[in-house]
Amino acid sequence: MRRAVLWLCTLSKGPLTPGRGLTQGFQNPESQRVFHIHEACSPIHVNHVRDKLRKIVGASTNWRDHVKAMEERKLLQSFLAKSQEELPPRRMKDSYVEVLLPLGSQPELREKYLTVQNAVRFGRILEDLDSLGVLICYMHTKMHSAKMSPLSIVTALVDKIDMHKKSLSPEQDIKFSGHVSWVGKTSMEVKMQMFQLHGNEFYPVLEATFVMVARDSENKRSAFVNPLIPEGPEEEELFRQGELNKGRRVAFSSASLLKMAPNAEERMTIHKMFLNTLDPKTISFRSRVLPTNAMWMENSKLKSLEICHPQERNIFNRIFGGFLMRKAYELGWATACNFGGSRPFVVAVDDIMFQKPVEVGSLLFLSSQVCYTQGNYIQVRVHSEVATMQTKEHTTTNVFHFTFMSEKEVPLVFPRTYGESMLYLDGQRHFNSMSAPVTLRKDYLVEP
């Protein structure tokens with residue numbers, strides 16, 4: 001009961017106002033809440049999250065035994081519900097989980113999260129958020145009649161991650177918390193927050209919204225999940241926001257530049273950029289020159305290659321989604337650093353769609369480039385694709401979108417081709433979904 005009481009106390013003041021990007025403090029005065037150490041329930045240690053997940057699904061810790069473990073999971077098919085109505089409804093507090101990252105109290109853990117600038121590696125935070133999101137969903141779908149969960153829960157989408165202007169010290173404990181906030185038939189939206197200890201209080205520094213999907217025990221077909229019953233006006237608002245988020249994602253996908261032509265304003269933007277690059281000394285559409293303090297988009301690229309070893313597998317023996325996010329983020333950070341000429345800071349992460357699982361043994365190709373800039377802001381797109389060593393056929397698995405802020409004003413980026421122009425507009429759309437630009441504070445330290 002103590003966990004339920006804590007959950008109600010922390011949510012009773014209302015959720016943080018949904019927003020995009022780096023904010024100057026909190027957008028809603030009512031959301032300036034803190035966790036007091038003496039009020040908090042006993043959280044799970046961050047190192048135990050993946051162990052707990054393995055136990056829930058019966059995954060083997062030995063790579064050689066993974067085939068046998070997956071064969072045993074086939075026997076769990078009989079526990080799957082034929083319809084959502086067969087499953088008991090759950091409350092938001094039923095899935096509430098806290099996880100502690102004791103950077104301050106356990107210094108031996110610190111080096112894994114440490115940057116050379118004595119800050120916290122954001123790529124590691126992405127890994128922890130991904131694991132926590134899966135665990136939260138298993139808490140929501142917990143089945144007492146089965147020794148292991150018959151569901152395979154995987155990350156479908158990182159809807160958004162917003163950073164608040166709070167320093168992340170590698171010498172102070174960090175706490176994650178989260179719960180299921182919306183449920184469809186086979187999908188769940190998870191709200192997570194991250195807090196850092198200052199004195200005797202945990203202050204919010206990050207908000208994240210993930211979408212997870214449930215599949216059968218063999219991870220082949222969709223599976224039903226327990227319905228969610230909101231309790232009280234705050235929870236009803238969270239659930240309503242989940243419905244709105246779903247509608248927004250559908251609308252954004254329908255308006256994708258891969259499906260629809262740019263609107264009139266976007267077409268005018270691209271045409272003006274084209275005119276600004278014409279050589280005034282010639283009367284030719286082919287003669288292109290860059291304006292002052294500008295760079296061609298094609299010159300902002302960086303690439304990397306990862307060999308997907310068994311060490312980076314998840315509980316279903318595919319490559320861990322958090323690992324993919326960390327590698328993509330680190331390449332994106334390096335791209336922003338190389339482009340801007342100074343240390344960049346992550347502001348927002350959004351719209352990471354996990355289109356295809358990455359198999360162990362694959363070659364992972366990551367390609368990153370700056371696709372939009374404005375003032376001190378750099379919008380970076382990272383494209384991920386895999387190839388097997390047998391077929392050498394490349395398949396897209398993810399597209400990542402990161403918004404960075406540089407310590408100084410960065411060059412403008414100009415597209416040269418129509419394809420790059422579409423990348424520019426897509427980057428502009430993602431940037432415009434962020435909240436109003438703010439001034440960078442020196443205590444804002446979140447790095448790769």
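Position 1 is the first residue of the sequence; numbering continues from there.
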Note, Phe365 side chain near Val386 side chain (heavy atom, < 4.5 Å):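 No - every pair of side-chain heavy atoms lies 4.5 Å or more apart.
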Tell me if the aromatic rings of [X] and [Y] count as close, with their centers under 6.0 Å from one another.
X      : Y      : result
Phe252 : His430 : yes
Tyr329 : Phe400 : no
Tyr372 : Phe431 : yes

How about Asn245 and Gln241: does a side-chain donor come under 3.5 Å of a side-chain acceptor?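 Side-chain D/A pair, Asn245 to Gln241: present.
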Steps toward side-chain hydrogen bond (donor to acceptor under 3.5 Å, both in side chains) verdict (Ser253, Lys259): CA-CA 8 Å; Ser253 176; Lys259 302 176 182 177; 3.2 Å; yes
For the atom pair CG (Leu364) and CD1 (Ile319), what is the distance rounded to the nearest 0.5 Å?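 Nearest 0.5 Å value for the CG-CD1 distance: 8.5 Å.
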Salt bridge or not between [X] and [Y]? Use side-chain N to carboxylate O under 4.0 Å.
X      : Y      : value
Glu235 : Lys93  : no
Glu237 : Arg240 : yes
Arg248 : Asp159 : yes

Evaluate the ring planes of Phe404 and Phe402, with Trp represented by its six-membered ring, and classify them as parallel (under 30°), tilted (30 to 60°) or perpendicular (over 60°).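 If you compare the ring of Phe404 with that of Phe402, the planes turn out tilted.
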Please list, one pair per line, the donor and acceptor atoms closer than 3.5 Å that link side chains of residues 43-51 to other protein atoms, with sequence neighbours excluded.
{"residue": "His45", "atom": "ND1", "partner": "Asn47", "partner atom": "N", "Å": "2.9"}
{"residue": "His45", "atom": "NE2", "partner": "Gln106", "partner atom": "OE1", "Å": "3.1"}
{"residue": "Arg50", "atom": "NH2", "partner": "Arg313", "partner atom": "O", "Å": "2.8"}
{"residue": "Asp51", "atom": "OD1", "partner": "Arg54", "partner atom": "NH1", "Å": "2.9"}

Flag, side chain of Asn432 to backbone of Gln428, donor-acceptor distance under 3.5 Å: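 Such a contact is found between Asn432 side chain and Gln428 backbone.
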I'd like to know if the side chain of Ser362 reaches the main chain of Glu359, judged simply by a donor and an acceptor atom lying under 3.5 Å from each other, with no hydrogens or angles considered.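 Yes; judged by distance alone, with no hydrogens or angles, the pair exists.
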